[in-house]
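In the text below, chain A, chain B and the rest are named by the order of the sequence lines, each starting its count at 1. All of these numbers come straight from a predicted model, not from anything done at the bench. All heavy atoms count here, side chains included; hydrogens, waters and symmetry mates do not.
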Number of protein chains: 2
Amino acid sequence: MKSNNPDFAELLREYGSKATPGRVTLLKVLWQEDKPISVAGLKKKLDPSFDEVTLYRALESLTASGLIREVDFRHGHAHYEMNALREHHHHIICTSCGRVEDTECRVQEAKLTKASAFRIITDHTAEFFGLCNSCIKTA
Amino acid sequence: MKSNNPDFAELLREYGSKATPGRVTLLKVLWQEDKPISVAGLKKKLDPSFDEVTLYRALESLTASGLIREVDFRHGHAHYEMNALREHHHHIICTSCGRVEDTECRVQEAKLTKASAFRIITDHTAEFFGLCNSCIKTA
DNA sequence: ATCACAAACGCAATATACTTGCAATTGAAC
DNA sequence: GTTCAATTGCAAGTATATTGCGTTTGTGAT
């Protein structure tokens, strides 16, 4: 549990979204969670009356605006985390137990060559996989 | 189309897999494709009699052995590409038209701090998103 | 305050991606 | 050739995500 919540309604408006009660609650959950969380995980944290389709649409919309961020842990489904108000970072995931740790960004956003068909890079993903210290011991 | 195909049967055995006709064909398709391809894309390239479950199981098995590699383009489904016989690399994806370009690896496999719960990193993903030159012009 | 309207919602239905169980087959090591 | 684990093929099932559409609501303009 974190204290000193930011003003989520205001934050939503800044990112071009309507500050509906559902989205405010969703942001609060993501803020408090502080690690990427799956849709299933979110559903557990949210009131059962929170419509699933609304949730998916909110996640899509807030990801598009950059307020939140989609992360792939190779678990076959997306995870989401707060993107605004945080340092850009990546994750290390334990392939044995699923433990997740933040890690600073060590990616050089590509030096594009003249031969490249790209001139603009807007974003990147980077996740590291390994074994956490507990899982090394028990292996 | 590439010529000078490697010996896929031998390659499969080297990676601890049985060299079944299906897997040899699958590898050939991945080799010739040369960009990451979706399961749907593979099904189109393969004979319709190639069973879908067999395909999924082959992809899982060959990914686990490191012969092929799973890539996430944030399209909601996995893409696969040849991993053996290639330089380690990443991709730039155009978020407008889907164009894909290989890019060399610019990721420093994380410097782990003493505070980290991790000591071993085995693997990483890294994909870049942007706009390709054609899509910039038409934007 | 209230109006107008695009954004967001809620529900039902549907689509896509992927998995499981199990009996039959087959590649490869001996 | 025999053996056996790996792989296949089919049927069924589950998880994940999307679409369509009528209703509601937040917000900016009046």
- Could you run down nucleotides 22-30 of chain D 5' to 3' and tag each one B, S or - for protein heavy-atom contact under 4.0 Å? ---BBS---

- Query: Please walk me through it: do Ser17(A) and Arg23(A) pass side-chain hydrogen bond (donor to acceptor under 3.5 Å, both in side chains)?
  - Reply: CA-CA 9 Å; Ser17(A) 171; Arg23(A) 291 186 174 201; 2.9 Å; yes

- Rounded to whole angstrom units, what separation is found between the OH atom of Tyr80(B) and the C1' atom of dA17(C)? 10 Å

- Query: Could you run down nucleotides 11-16 of chain C 5' to 3' and tag each one B, S or - for protein heavy-atom contact under 4.0 Å?
  - Reply: BB----

- Query: Does Phe50(B) or Gly76(B) map to a spot on DNA chain D nearer the 5' end, using the closest nucleotide for each?
  - Reply: Phe50(B)

- Under 4.0 Å between a Lys/Arg side-chain N and an Asp/Glu carboxylate O for Glu104(B) and Arg106(B)? yes

- How many angstroms lie between atom NZ of Lys45(A) and atom CZ of Phe50(A), to the nearest 0.5 angstrom? 15.0 Å

- May I ask you to verify if any side-chain N or O of Tyr56(A) is less than 4.0 angstrom from the OP1 or OP2 atom of dT18(D)? no

- Note on the structure: Axis-to-axis angle for the helix from dA1(C)-dT30(D) to dC30(C)-dG1(D), ends of five pairs each, to 10°, equals 50°

- What's in the same ILVMFWY side-chain cluster as Val53(A), cut-off under 4.5 Å, chained through other members? none

- Mind telling me whether His90(A) and His124(A) have parallel, tilted or perpendicular rings, with 30° and 60° as the class edges? tilted

- Minimal heavy-atom distance between Leu131(A) and Cys135(A), with the atoms involved, is CD2-CB, 4.3 Å

- Note on the structure: Nearest heavy-atom approach of Cys94(B) to Cys132(B) is SG-N, 3.3 Å

- 5'-most by nearest nucleotide on DNA chain C - Ala58(A) or Glu70(B): Ala58(A)

- Task: Write down the distance between NE2 (His79(B)) and P (dC18(C)), rounded to a whole number of angstrom.
- Result: 10 Å

Give every donor-acceptor pair under 3.5 Å between a side-chain atom in residues 71-79 of chain B and any protein atom, sequence neighbours left out.
from     : atom 1 : to        : atom 2 : distance (Å)
Asp72(B) : OD1    : Arg74(B)  : N      : 3.1
Arg74(B) : NH1    : Asp123(A) : OD2    : 3.4
Arg74(B) : NH2    : Asp123(A) : OD2    : 2.6
His77(B) : ND1    : His75(B)  : O      : 3.2

- Rounded interatomic separation in angstrom, taking CG from Asp72(B) and P from dA17(C): 13 Å

- Item | Protein-nucleotide distance (Glu52(A), atom CD; dT18(D), atom C1'), rounded to Å | 11 Å

- Quick one: His75(A) NE2 to dA17(D) P, roughly how many Å, whole number? 14 Å

- Given side chain to side chain contact (heavy atoms under 4.5 Å, CB included), test Leu62(A) with Leu30(A) step by step and report yes or no. CA-CA 12 Å; Leu62(A) 302 186; Leu30(A) 287 168; 5.8 Å; no

- Query: Roughly how far apart are Leu67(A) CG and Tyr80(A) OH, rounded to 0.5 Å?
  - Reply: 14.0 Å

- Message: Using OP1 and OP2 only, check whether a side-chain N or O of Arg23(A) sits under 4.0 Å from dC9(C).
- Response: yes

- Message: In this structure, how many angstroms lie between the C1' atom of dG9(D) and the CG atom of Leu46(B), rounded?
- Response: 15 Å

- Message: How close do Asn133(B) and Ser116(A) get, counting heavy atoms only, and between which atoms?
- Response: ND2-O, 3.6 Å

- Pick one: which of Leu59(B), Ile68(B), Leu12(B) meets side chain to side chain contact (heavy atoms under 4.5 Å, CB included) with Leu26(B)? Leu59(B)

- Task: Please report the shortest heavy-atom distance between Gly66(A) and Asn83(A), naming the atom on each side.
- Result: O-ND2, 3.0 Å

- Query: Can you tell me how far P of dT16(D) sits from CG of Leu42(A), to the nearest Å?
  - Reply: 12 Å

- Item | His89(A) and Glu81(A): CA distance, side-chain angles, deciding distance, side-chain hydrogen bond (donor to acceptor under 3.5 Å, both in side chains) verdict | CA-CA 11 Å; His89(A) 65 281; Glu81(A) 69 175 352; 3.1 Å; yes

- Which residues, if any, of residues 60-69 of chain A bring a heavy atom under 4.0 Å of DNA chain D? none

